Participant: 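Please find one structure pasted underneath; my questions will follow.
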Amino acid sequence: MRRALISAIATGQLAPGQKVQSTRMFADKLGIARNTVAAVFEELAMRGYLEAKPRRGYYISTDLPTGKPQSEAASELDWNSRLLHHPSQLNHIRKPLNWQDYKYPFAYGQVDPSLFPLNAWRASSRDMLGRAAVSWWGADRAIDDDPMLIKQIQTQILPDRGIYARPEEIIVTLGAQEGLYLISQLLAGPGKRVGCEVPGYPDSSFIFDLSGSEVTPLAIDKQGAVIPPNSGLDLAVLTPGAHCPSMTVMSGKRRDQVLNAARQDDFLVVEDDYEGDVSFVKDLALKSRDKDGRVLYLGTLSKILAPGVRLGYLVAPEPVIQEARWLRRLIHRSAPLNNQRAAAIFLAEGHYHALVRKLRTSHQDRWERVMENLPKLMPGFRTPDPCHCGRSVWLECPDGVDARDLFTAAGKAGITFESGDPFVPPDQAGRFLRLGLSVINTDLIVPGMKKLGEIADNLAA
């Protein structure tokens with residue numbers, strides 16, 4: 001009620017000086033206690049939104065703050081010519097924010113409320129609000145991370161990926177995305193050549209391109225990314241654990257070839273392990289084979305907990321981490337320490353690994369449901385060869401079907417999926433799509449695929 005009244009005042013639906021209905025009328029209309037309405041009125045009067053007049057009731061304050069009109073001259077400035085970059089014009093991955101409104105949400109990377117242990121997260125958040133914890137995370141820590149979370153990452157997460165690191169070699173980031181940005185500023189830039197997978201995660205290319213680096217495409221085959229000899233690279237950004245977006249797993253032989261090439265040609269490797277703990281592949285991280293300290297490892301907690309939690313981490317040699325901490329300070333200081341402490345408690349009490357097990361089981365069931373029914377329900381759609389299990393399925397459309405038209409028509413039928421266009425070169429636009437399996441109810445996969453196949457048939461006819 002308080003928010004609704006403030007919004008109505010701000011938008012002019014309630015005008016200054018206007019009399020507000022009585023507490024009794026409000027209570028009857030909303031079906032709430034009269035004391036609740038009175039408490040709201042009193043608070044809004046204290047905050048200057050309402051004015052109480054004895055024996056007459058409450059009125060909208062005539063002394064509300066008003067914004068100053070913008071100068072007309074300001075609107076005539078040519079901002080396009082002043083801006084050095086235009087990130088808004090890049091071909092970003094676009095996820096429908098209203099995916100919950102679709103009956104068949106083949107969405108990737110969202111939180112499935114039926115799987116997320118809300119009570120456990122609530123308990124961890126409550127413990128994070130204890131007096132001793134607040135005294136620590138409430139202070140300005142400048143470049144520090146929560147030592148409890150660093151310890152949990154060091155002892156509970158990294159060893160499962162075959163990585164053993166000291167606390168001084170770990171930094172918490174705002175998702176793996178920020179880790180890419182920090183690396184681009186510290187180890188790339190004008191005169192540097194950075195290899196990025198194509199098809200691949202578009203933000204990697206965008207971030208290193210914005211740094212002034214020369215971005216070089218790296219082709220993908222059945223064994224993963226291909227780095228030719230004498231490539232002249234300074235950095236190679238790879239997703240070996242599960243290629244983005246095809247989910248292709250880099251073979252052991254190719255991993256050794258990459259590390260040998262990095263040693264011989266003296267370049268660094270950025271390993272984006274975005275599937276990480278929920279990966280269905282038992283191979284350890286590429287960094288587990290690294291003997292020279294050439295692999296910088298990016299992990300994420302956001303894809304397990306929730307995208308909005310925005311917690312990731314970078315594992316790298318201590319000199320890199322030290323400079324990354326000071327660079328991060330220039331941007332926003334540390335990642336929110338309250339979120340770090342809540343995540344640390346969640347990990348320490350065993351909830352994280354329990355959630356990982358639950359996600360793996362559910363996602364594997366969904367993936368198998370797709371693969372079992374794909375030839376029958378969506379004939380002509382092609383998967384990568386081999387097609388590895390994961391939280392999404394990368395599909396190439398049949399001849400005569402444009403994924404952009406399919407997306408539009410499917411949306412009208414209550415189906416959403418991810419366009420493949422941001423992951424591929426412009427000349428391949430409309431050829432691919434990604435069926436995300438993060439949130440769709442397992443029982444809705446088959447009917448959703450059936451509808452999608454029927455729509456594709458109509459488009460091809």
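By convention here, the first residue in the shown sequence is residue 1. Just so you know, these numbers come straight off a predicted model, no measurement behind them.
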Participant: Rounded to the nearest 0.5 Å, what's the gap from CG on Leu182 to CG on Leu187? Could you check?
Facilitator: 10.0 Å
Participant: Side-chain donor-acceptor pair under 3.5 Å between Thr239 and Glu197, yes or no?
Facilitator: yes
Participant: Please determine if Arg391 forms a cation-pi arrangement with Trp367, meaning its NZ or CZ atom is less than 6.0 Å from the six-membered ring centre and no more than 45° off the ring axis.
Facilitator: no
Participant: Run the side-chain hydrogen bond (donor to acceptor under 3.5 Å, both in side chains) check on Ser334 and Arg141 step by step: do they pass?
Facilitator: CA-CA 7 Å; Ser334 59; Arg141 298 292 171 180; over 6 Å; no
Participant: Donor-acceptor pairs under 3.5 angstrom involving side-chain atoms of residues 150-157: please list them, not counting sequence neighbours.
Facilitator:
residue : atom : partner : partner atom : Å
Gln152  : OE1  : Gln156  : NE2          : 2.5
Gln154  : NE2  : Ala165  : O            : 3.1
Thr155  : OG1  : Lys151  : O            : 2.7
Gln156  : OE1  : His353  : NE2          : 3.3
Gln156  : NE2  : Leu347  : O            : 3.0

Participant: With no hydrogens and no angle check, is any side-chain donor or acceptor of Ser362 less than 3.5 Å from a backbone partner on Leu359?
Facilitator: no
Participant: Should the pair Arg263-Asp290 be classified as a salt bridge under the 4.0 Å nitrogen-to-oxygen rule?
Facilitator: no
Participant: Check for me whether Arg382 meets the cation-pi criterion with Trp394, that is, NZ or CZ under 6.0 Å from the six-membered ring centre and within 45 degrees of the ring axis.
Facilitator: no
Participant: What's the separation between atom CD in Glu42 and atom CZ in Arg47, rounded to the nearest 0.5 Å?
Facilitator: 14.0 Å
Participant: Please assess Met378 against Leu395 for the test side chain to side chain contact (heavy atoms under 4.5 Å, CB included), listing each intermediate value before the final yes or no.
Facilitator: CA-CA 10 Å; Met378 298 176 63; Leu395 295 174; 4.1 Å; yes
Participant: Assess the residue pair Leu44 and Leu5 against the criterion (side chain to side chain contact (heavy atoms under 4.5 Å, CB included)); give the C-alpha distance rounded to whole Å, side-chain angles, the decisive distance to 0.1 Å, and a yes or no.
Facilitator: CA-CA 9 Å; Leu44 292 182; Leu5 283 170; 3.7 Å; yes
Participant: CD1/Ile207 to SG/Cys196 distance, rounded to the nearest 0.5 angstrom?
Facilitator: 9.5 Å
Participant: Can a donor-acceptor pair be found, under 3.5 Å and without considering hydrogens, that links the side chain of Asn98 to the backbone of Asp101?
Facilitator: no
Participant: Report yes if some heavy atom in the side chain of Val270 is under 4.5 Å from a heavy atom in the side chain of Tyr297; otherwise report no.
Facilitator: no
Participant: Looking only at atom types and distance, does a side-chain atom of Asp421 sit under 3.5 Å from a main-chain N or O of Pro426, one as donor and one as acceptor?
Facilitator: no
Participant: Looking at every heavy atom in both Leu286 and Glu271, which two are closest together, and how far apart are they?
Facilitator: N-OE2, 2.8 Å
Participant: Keeping Gln110 on the side-chain end and Val439 on the backbone end, is there a donor-acceptor pair under 3.5 Å?
Facilitator: no
Participant: How far apart are the closest heavy atoms of Glu275 and Gly390, and which atoms are they?
Facilitator: OE1-CA, 4.4 Å
Participant: Working to the nearest 0.5 Å, report the span between CG of Asp385 and CG of Asp221.
Facilitator: 11.5 Å
Participant: Any side-chain heavy atom of Leu355 sitting closer than 4.5 Å to one from Phe116?
Facilitator: yes
Participant: Test Asp277 against Arg357 for salt bridge (charged side-chain N to carboxylate O under 4.0 Å, His left out), laying out the working first.
Facilitator: CA-CA 9 Å; Asp277 289 334; Arg357 289 191 294 270; over 6 Å; no
Participant: Measure from NZ or CZ of Arg434 to the centre of the six-membered ring of Tyr108, then state whether that distance is under 6.0 Å and the direction lies within 45° of the axis.
Facilitator: yes
Participant: Take Ile455 and Ile415 through the side chain to side chain contact (heavy atoms under 4.5 Å, CB included) test and state the conclusion after the steps.
Facilitator: CA-CA 11 Å; Ile455 296 169; Ile415 305 169; 4.3 Å; yes
Participant: Please check: side-chain N/O of Ser392 versus main-chain N/O of Gly436, any donor-acceptor pairing under 3.5 Å?
Facilitator: no
Participant: Do Ser251 and Gln223 have side-chain N/O donor and acceptor atoms under 3.5 Å apart?
Facilitator: yes
Participant: Does Asp265 use its side chain to pair, donor to acceptor, with the backbone of Phe267 at less than 3.5 Å?
Facilitator: no
Participant: Any heavy-atom pair between the side chains of Ile321 and Glu168 that's under 4.5 Å?
Facilitator: no
Participant: Side chains of Phe407 and Leu433: closer than 4.5 Å at any heavy-atom pair?
Facilitator: no
Participant: Evaluate the side-chain proximity of Gln185 to Ser211: yes if any heavy-atom separation is below 4.5 Å, no if none is.
Facilitator: yes
Participant: Do Arg328 and Glu178 pass the salt bridge (charged side-chain N to carboxylate O under 4.0 Å, His left out) test, and can you show the C-alpha distance, the side-chain angles, and the key distance before you say yes or no?
Facilitator: CA-CA 9 Å; Arg328 186 186 63 178; Glu178 186 185 30; 5.8 Å; no
Participant: What's the shortest heavy-atom distance between Pro105 and Thr416, and which atoms?
Facilitator: CA-CG2, 3.8 Å
Participant: Going by heavy atoms in the side chains, are Arg341 and Met148 under 4.5 Å from each other?
Facilitator: yes
Participant: Do Asp145 side-chain atoms and Val172 backbone N/O form a donor-acceptor pair below 3.5 Å?
Facilitator: yes
Participant: With a 6.0 Å cut-off on the ring centroids, do Phe423 and Phe432 count as close?
Facilitator: no
Participant: Tell me whether Asp292 contacts the main-chain N or O of Arg294 through its side chain, where contact means a donor paired with an acceptor under 3.5 Å.
Facilitator: no
Participant: Using distance alone, with no hydrogens and no angle criterion, decide if Arg34 and Thr23 have a side-chain donor and acceptor under 3.5 Å apart.
Facilitator: yes
Participant: Is there a donor-acceptor contact under 3.5 Å from the side chain of Arg310 to the main chain of Pro307?
Facilitator: yes
Participant: Between the side chains of Glu214 and Lys192, is the shortest nitrogen-to-carboxylate-oxygen separation below 4.0 Å, so that they form an ion pair?
Facilitator: no
Participant: May I ask you to decide if Ser7's main-chain N or O and Thr11's side chain share a donor-acceptor pair within less than 3.5 Å?
Facilitator: yes
Participant: Do Tyr313 and Ile171 come within less than 4.5 Å of each other through their side chains, counting heavy atoms only?
Facilitator: no
Participant: Please check if the number of heavy atoms outside Leu97 that lie under 6.0 Å from its CG is greater than 12.
Facilitator: no
Participant: Evaluate Leu298 against Leu180 for side chain to side chain contact (heavy atoms under 4.5 Å, CB included), listing each step before the verdict.
Facilitator: CA-CA 8 Å; Leu298 289 170; Leu180 285 170; 3.6 Å; yes
Participant: To check you understand the geometry: which heavy-atom pair defines the closest contact between Tyr352 and Leu305, and what is its length?
Facilitator: CD1-CD2, 4.3 Å
Participant: If you measure from CG on Asp273 to NZ on Lys303, what distance do you get to the nearest 0.5 Å?
Facilitator: 10.5 Å
Participant: What pair of heavy atoms forms the shortest contact from Val134 to Leu129, and how long is it?
Facilitator: CG2-O, 3.5 Å
Participant: If you take all heavy atoms of Pro386 and Thr248, which pair is closest and at what distance?
Facilitator: O-OG1, 4.5 Å
Participant: Listing request: all ring pair (Phe, Tyr, Trp, His ring centres under 6.0 Å) pairs with a residue in residues 192-222, at least two apart in sequence or in separate chains.
Facilitator: His92-Phe206
Participant: Rounded to the nearest 0.5 Å, how far does SG of Cys389 lie from CZ of Arg366?
Facilitator: 12.0 Å
Participant: Could you verify whether a donor N or O on one side chain and an acceptor N or O on the other, from Arg325 and Gln322, lie under 3.5 Å apart?
Facilitator: no
Participant: Side chains of Phe26 and Phe41: does their closest heavy-atom pair fall under 4.5 Å?
Facilitator: yes
Participant: Is the number of heavy atoms from other residues, nucleotides or ligands within 6.0 Å of CZ (Arg166) greater than 12?
Facilitator: yes
